[in-house]
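Report on the following structure.
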Amino acid sequence: MASKEKSSKGTTRIYSEKDRGIFSRYFVITILLGLLAIAILGSAFKIGIKEKKEWLKVSDGLKRPDLLVNPTRGNIYSDDDRIMATSAPKYYMYIDFKAEGFALDSFQNGKYNSVDSLAWYLSKKLKNRTQAGYKAHLLKGLKAKKRQYPVYEGRVSYADLKEIRTFPFLRFHRNRSGFYTKEMMQRQKPFGMLASRTIGDIYNEIDSGGATRGKNGLELQYDSLLRGMPGLNSVQRVGGRWTNIVEIEPTNGLDIRSTIDINIQDLVEKALTDKLKEIDADAGTAVVMEVKTGEIKAITNMERVGSGRYAETINHAIADEIEPGSTFKVAAMMVAIEDGVVEPATPVDVGNGIYMYANRRMTDHNSHHGGYGMISAEKSIWYSSNIGVAKIILKGYERDPKKFVEGLHRIGMDADLHIEIPGAGKPKLRRPGDRYWSKTSLPWMSFGYEVQIPPIQMLTFFNAIANDGKMVRPMFVKDIMKNEKVVKHFEPEVVIPGICSERTLKIIQQMLYNVVNYKDPTPVHRDGTGKPACSDVITIAGKTGTAQIAHGGVYRTSGHNVSFCGYFPYEDPLYTCIVVISRPRVGLPSGGLMCGVVVKEIAEKIYANCTVFDMKKVPDDSLKAPYPDIKNGDYVALKNVMEDLKIKAEETAKVNAKYVVANGNDKGIALKEIPLIENLVPNVAGMGAKDAVFALENCGLRVTLSGKGHVVSQSVKNGSRVVPGQTVILTLKE
């Protein structure tokens, strides 16, 4: 028992000694870790506080200044998603002849990287100078020690730039070659000048913020959405090499889907340009608007830029504030009918076409033919009588002209349309008490003088007439998109729910119909002034306009603006169209003959493009064949096709041959086998090229084809003996 107690005490003593050894080692380790932590903290303090400036300098040496990453400007699309404007980078190329490491010896005397080699490559690629010309050009820059010497005066694409960077000497890095570039953003328009002024332009230079800026048109209006936001790119030294690190990704610009219909835009531009050339006019504008939505489907503004040449320069449809002339009579008549001043059948005496008021002479366009005499109020619109409309307005408003101006305001002639295109003109109506109001202002306003109305405003007014009185704002953009997904959709916006009463509207609509379609049954044949716009294809309603252009207060020497504004089809209006032509030189100025015919052409072509026939309802042609024309040929293939088309086969006998003759009749297609006799040339007449060649070559003959379609003759008569290798010429016709 004593020995066991002794043993137990010895064991306890051993464990105690081991514990002390372990604790001692832990203590030493703890002390060492503590000292290490103190050392680390001390070093951190020294580096982060005491030596901060020195280490920041070292860090700057391992990192180059941050660079902006340019965003991609958004695209502008047509209403069917065809690109109308997109961006492509272009580059100016320069050499810094004072670069720190410029390899002067290599440039002047190098075997493979000299100015001679570089000049040869540049002349071959750019083709604007000879090799000698490029050498002289580059040496001139070297001699002048230019820091920004242009290698090429034009701009090159990114693909061309990549190739040019491989040229002799330019393949060196920038410090040795001095070669560097300046990026520009070029806006490309795949459809050329179509709606170019409405789409707009951009400034090509990338601004200090790393983005492009819109200059005009939709490019300017939606610039903040299109331009995007630049990113940030740093160049850091990692593992002994400079590495690009994108710190902030660029945000590309949003896309815009416009309301422009490329097909309508194309035909509108051609119709207008052809007429401008024909009458040698200074300028012209044409706009097509969708009645229910207000979407602008086409807008073109052509101006003479040379003899017989026209191009878009100014957005006349939006910006011009012009005296509209007789198209304004519709607004005057609407106000008068709405106020109860006149009825369509009210007689108006316009006399011999000359009327003096306040010592000022007023004339109708037919005054040289003796005038219209006594006519109805509605005919003063049909015949576009200045005197007729002026007398109606004087009768109702001579004592209270302010009421007439208020009526024009009520029907939306000066409504704020909030046009999306920057630089839009504003309608201007004179009012009693204004500086330029005179006694003659009221009657002359009634037929479109002493007022300024942009064409887009007049179009919107006529569109309201077509739209059962509802005036909608002209729309140029329907969607904002990101990654092909719509993020904002624009709905039609109503400006005035009803410009007049339903009764007045019906009267005005009938007047506009008769301006174009009225045919005078009497021998005098006084048809409406818009008769040239009358179409046998689609019913058009509208109003002509002719106005002298004032210059320095004088009307007689500055030419005319002629116009036509109308809608179609009259029964269920889809589109409203205005055409304005300025200063025609060939022919007498006429809104009907010069602009009405353009609207007619536009309407007919739109109708032709939009018309879809249900072929099931189209009556059969008397010459219609009961079955399609079928070529002779391979029996199995022909049988399969006939089964797919559900064409009945009338086999004259059991067909065992490879080839058959097909003859159509009222009961179906009769098939008769073509016998193939060994060593005899087969009859391939009526076969397609494939079957005929196979049949003949299978007999050991060679084949030459002439024409296309089915075989009508073969040079070697069928039934003759085969001569292996002999050539057979087959003549084919459709």
Side-chain angles (χ1 to χ4, degrees), residues 64-73 85-190 201-213 215 230-231 233-235 241-244 250:
R64 292 179 177 174
D66 291 338
L67 300 174
L68 290 176
V69 181
N70 300 335
T72 300
R73 189 175 180 86
T86 189
S87 294
K90 295 288 183 178
Y91 299 87
Y92 285 112
M93 301 182 295
Y94 301 96
I95 289 181
D96 177 5
F97 285 107
K98 295 180 73 174
E100 184 178 349
F102 184 76
L104 181 60
D105 289 341
S106 294
F107 185 72
Q108 290 183 311
N109 308 309
K111 184 176 181 181
Y112 300 110
N113 290 293
S114 68
V115 65
D116 295 289
S117 300
L118 176 58
W120 185 85
Y121 275 91
L122 289 173
S123 65
K124 185 179 179 182
K125 174 67 179 176
L126 302 174
K127 296 182 174 58
N128 66 320
R129 288 186 175 93
T130 63
Q131 180 182 0
Y134 258 111
K135 180 178 180 180
H137 172 67
L138 294 170
L139 290 176
K140 179 180 178 182
L142 176 65
K143 183 179 180 181
K145 293 292 182 182
K146 293 282 188 179
R147 301 224 69 158
Q148 186 173 316
Y149 191 73
V151 175
Y152 173 56
E153 289 77 6
R155 292 175 287 185
V156 297
S157 67
Y158 179 70
D160 288 337
L161 178 61
K162 284 182 67 177
E163 180 184 351
I164 291 170
R165 286 189 184 279
T166 66
F167 286 1
F169 196 74
L170 301 186
R171 64 171 64 104
F172 293 159
H173 61 75
R174 174 172 176 173
N175 196 37
R176 290 192 64 195
S177 66
F179 181 64
Y180 67 101
T181 61
K182 184 177 181 181
E183 182 180 355
M184 308 287 285
M185 195 57 65
Q186 181 172 315
R187 205 64 164 158
Q188 295 182 340
K189 298 177 180 178
D201 302 292
I202 67 170
Y203 293 102
N204 290 327
E205 288 196 17
I206 298 172
D207 64 19
S208 58
T212 53
R213 290 189 177 274
K215 183 187 294 185
N233 180 36
S234 66
V235 183
R241 300 180 62 182
W242 291 104
T243 304
N244 288 325

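Distance alone, capped at 3.5 Å, is enough to place a donor-acceptor pair between the Asn113 side chain and the Phe169 backbone. Proximity of a side-chain donor or acceptor of Gln148 to a complementary backbone N or O of Tyr94 within less than 3.5 Å is not detected. Between the Arg73 side chain and the Thr212 main chain, a donor and an acceptor come within less than 3.5 Å of each other. Formation of a donor-acceptor pair under 3.5 Å by the Asn175 side chain with backbone atoms of Gly101 is found in this model.
Looking at Leu126, Thr181, Leu118 one by one, the single match for side chain to side chain contact (heavy atoms under 4.5 Å, CB included) with Ile164 turns out to be Leu126.
Of all heavy-atom pairs spanning Arg174 and Ala99, the tightest one is O-CB, 4.5 Å. Across all their heavy atoms, Glu183 and Pro89 have their closest contact at OE2-CB, 3.6 Å. Between Pro230 and Pro71, the shortest heavy-atom contact is CA-CD, 3.7 Å. Of all non-hydrogen atoms in Ile95 and Tyr180, the two that sit nearest each other are C-CE2, 4.2 Å. Nearest heavy atom pair, residue Ala85 against residue Pro190, reads N-CD, 4.3 Å. Ser123 and Arg129 make their closest contact through CB-O, 3.2 Å (heavy atoms, listed as atom of the first residue, atom of the second, distance).
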For Val151 and Tyr92: C-alpha separation, side-chain torsions, deciding distance, then whether side chain to side chain contact (heavy atoms under 4.5 Å, CB included) applies.
CA-CA 8 Å; Val151 175; Tyr92 285 112; over 6 Å; no
Criterion side chain to side chain contact (heavy atoms under 4.5 Å, CB included) on Lys135 and Leu122, from CA distance to verdict
CA-CA 10 Å; Lys135 180 178 180 180; Leu122 289 173; over 6 Å; no
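Met93 CE to Asp160 CG: the interatomic distance, rounded to the nearest 0.5 Å, is 8.5 Å. The structure places NZ of Lys125 at 4.0 Å from CD of Glu163, a figure rounded to the nearest 0.5 Å. How far CZ of Arg176 is from CZ of Phe102: 10.5 Å, rounded to the nearest 0.5 Å. Atom-to-atom distance recorded for Leu104:CG and Asn109:CG is 8.0 Å, nearest 0.5 angstrom.
Geometric assessment of Lys215 against the ring of Tyr203 yields a positive cation-pi assignment under the 6.0 Å and 45° thresholds.
Looking at Arg187 and Ser87, their side chains do bring a donor and an acceptor atom within 3.5 Å of each other.
For the pair Arg171 and Thr166, the minimum side-chain heavy-atom distance is 4.5 Å or more.
Every residue was checked against the ring pair (Phe, Tyr, Trp, His ring centres under 6.0 Å) condition with Tyr152, not counting sequence neighbours, and none meets it.
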Table please: side-chain donor-acceptor pairs of residues 136-143 below 3.5 Å, with sequence neighbours left out.
| residue | atom | partner | partner atom | Å |
| --- | --- | --- | --- | --- |
| His137 | ND1 | Tyr149 | OH | 3.1 |
| His137 | NE2 | Pro150 | O | 2.8 |

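For Lys90, the NZ atom is densely surrounded, since the number of other residues' heavy atoms within 6.0 Å is greater than 12. For Tyr121, the OH atom counts as loosely surrounded, since its 6.0 Å shell holds 12 or fewer non-hydrogen atoms of other residues, nucleotides or ligands.
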